[in-house]
Amino acid sequence: QVQLVQSGGGLVQPGGSLRLSCAASGSIFRINRMGWYRQAPGKQRELVASIIRDGNTIYTDSVKGRFTASTDIAKNALYLQMNSLKLEDTAVYYCNAEVLETITTLAPRYYWGQGTQVTVSS
């Protein structure tokens, strides 16, 4: 079993910044990919950023140039630095990880963090 524990988030004014963290623990042989998703009221969950082991990172168009995702491999941690926040960034943010739990695991399993509210308001 793997647990993803999120921290960060909160209330910020437009143009402000927040940093989200996600730490994975438990049975982990290798994490193939970690990513951030968000879900705003009345809308479907969308991918915000995704990063794989070789460092390749993708972002949804609406956050490019403002958000930066990064990993700390030694800590099995994922971060999301959010700058120049806009009202439309208001959502619950979730981290996600694709994990090979042991050296003999044939297929990865997917885990979600508990979600963190980010509210951008003046």
Side-chain angles (χ1 to χ4, degrees):
Q1 294 294 315
V2 174
Q3 298 81 41
L4 302 183
V5 179
Q6 298 180 222
S7 61
L11 175 65
V12 66
Q13 293 184 339
S17 298
L18 286 172
R19 186 172 187 260
L20 306 182
S21 299
C22 176
S25 62
S27 180
I28 301 173
F29 171 67
R30 185 175 69 243
I31 297 178
N32 293 331
R33 179 198 60 79
M34 299 187 77
W36 291 98
Y37 293 74
R38 67 185 181 186
Q39 187 166 22
K43 297 185 178 181
Q44 67 177 227
R45 188 172 299 185
E46 67 172 344
L47 177 69
V48 176
S50 181
I51 184 167
I52 58 178
R53 290 186 62 84
D54 67 359
N56 186 40
T57 306
I58 61 171
Y59 300 90
T60 190
D61 287 342
S62 63
V63 309
K64 288 181 179 177
R66 301 187 297 118
F67 291 12
T68 302
S70 61
T71 60
D72 185 331
I73 296 177
K75 297 180 179 179
N76 289 325
L78 174 71
Y79 308 96
L80 184 67
Q81 179 66 47
M82 303 183 292
N83 299 325
S84 302
L85 283 161
K86 303 175 180 179
L87 297 179
E88 64 194 50
D89 294 319
T90 295
V92 177
Y93 285 70
Y94 300 88
C95 65
N96 173 267
E98 178 184 315
V99 180
L100 287 172
E101 294 165 307
T102 73
I103 194 170
T104 59
T105 301
L106 298 180
R109 292 188 172 94
Y110 300 85
Y111 295 91
W112 291 92
Q114 79 276 18
T116 299
Q117 178 70 48
V118 171
T119 301
V120 184
S121 176
S122 60

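Remember, it's a predicted structure, so these values are computed and weren't measured experimentally. Positions are given from 1 along the sequence.
Closest approach of Ala69 and Tyr59 over heavy atoms only: N-OH, 2.9 Å. Between Ser27 and Thr102, the shortest heavy-atom distance links the atoms OG-CG2, 3.9 Å. Across all their heavy atoms, Ala24 and Val2 have their closest contact at CB-CG1, 4.4 Å. Between Cys22 and Leu4, the shortest heavy-atom distance links the atoms SG-CB, 4.0 Å. Looking at every heavy atom in both residues, Gln114 comes nearest to Tyr94 through O-CE2, 3.9 Å. Contact record, Ala91 with Gln39: CB-O, 3.4 Å, taken as the closest heavy-atom pair.
Other residues, nucleotides and ligands contribute more than 12 heavy atoms inside 6.0 Å of the CZ atom of Arg45. Applying the 6.0 Å contact sphere to CG of Leu87 captures more than 12 heavy atoms from other residues, nucleotides or ligands.
Without hydrogens or angle criteria, Gln6 side chain to Gly115 main chain gives a donor-acceptor distance under 3.5 Å. Panel note: side chain Thr90, backbone Val120; a donor-acceptor pair is recorded below 3.5 Å.
Transitive grouping of hydrophobic side chains (ILVMFWY, heavy atoms separated by less than 4.5 Å) keeps Val48 and Val92 in distinct clusters. Using a 4.5 Å cut-off between side-chain heavy atoms of Ile, Leu, Val, Met, Phe, Trp and Tyr, with links allowed through other members, Trp36 and Leu18 fall into the same hydrophobic cluster. Cluster annotation: Ile58 and Tyr37 are assigned to the same hydrophobic cluster (Ile/Leu/Val/Met/Phe/Trp/Tyr, side-chain heavy-atom contacts under 4.5 Å, transitive). Hydrophobic clustering of Ile, Leu, Val, Met, Phe, Trp and Tyr side chains at less than 4.5 Å, counting indirect connections, unites Val63 with Met34. In the hydrophobic clustering of this structure, Tyr79 does not group with Tyr111; members are Ile, Leu, Val, Met, Phe, Trp, Tyr whose side-chain heavy atoms approach within less than 4.5 Å, directly or through other members.
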Verdict with supporting geometry, Arg38 and Asp89, side-chain contact (heavy atoms from CB on, under 4.5 Å): CA-CA 9 Å; Arg38 67 185 181 186; Asp89 294 319; 3.0 Å; yes
Intermediate values then yes/no, side-chain contact (heavy atoms from CB on, under 4.5 Å), Val12 and Met82: CA-CA 11 Å; Val12 66; Met82 303 183 292; over 6 Å; no
Criterion side-chain contact (heavy atoms from CB on, under 4.5 Å) on Val118 and Leu20, from CA distance to verdict: CA-CA 9 Å; Val118 171; Leu20 306 182; 4.2 Å; yes
Evaluation steps, side-chain contact (heavy atoms from CB on, under 4.5 Å), between Phe29 and Glu101: CA-CA 5 Å; Phe29 171 67; Glu101 294 165 307; over 6 Å; no
Evaluation steps, salt bridge (charged side-chain N to carboxylate O under 4.0 Å, His left out), between Asp61 and Lys64: CA-CA 5 Å; Asp61 287 342; Lys64 288 181 179 177; 3.0 Å; yes
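Distance CD/Gln1 to CD/Gln3: 7.0 Å, rounded to 0.5 Å. The distance from the CG atom of Leu85 to the CZ atom of Arg66 is 6.5 Å, given to the nearest 0.5 Å. Within the model, atoms OG of Ser25 and NZ of Lys75 stand 14.0 Å from one another, a figure rounded to the nearest 0.5 Å. Separation of atoms CG (Asn76) and CD1 (Ile31) is listed at 4.0 Å; rounding is to 0.5 Å. In this structure, CZ on Arg33 lies 11.0 Å from CD1 on Ile51, to the nearest 0.5 angstrom.
By the 4.5 Å heavy-atom criterion applied to side chains, Val99 and Arg109 are not counted as neighbours. With a 4.5 Å cut-off on side-chain heavy atoms, Ser70 and Gln81 do not count as touching.
Thr119 and Ser121 form no side-chain donor-acceptor contact under 3.5 Å, judged by distance and modelled atom types alone.
Aromatic ring orientation, Tyr93 versus Phe67: tilted (interplanar angle from 30° to 60°).
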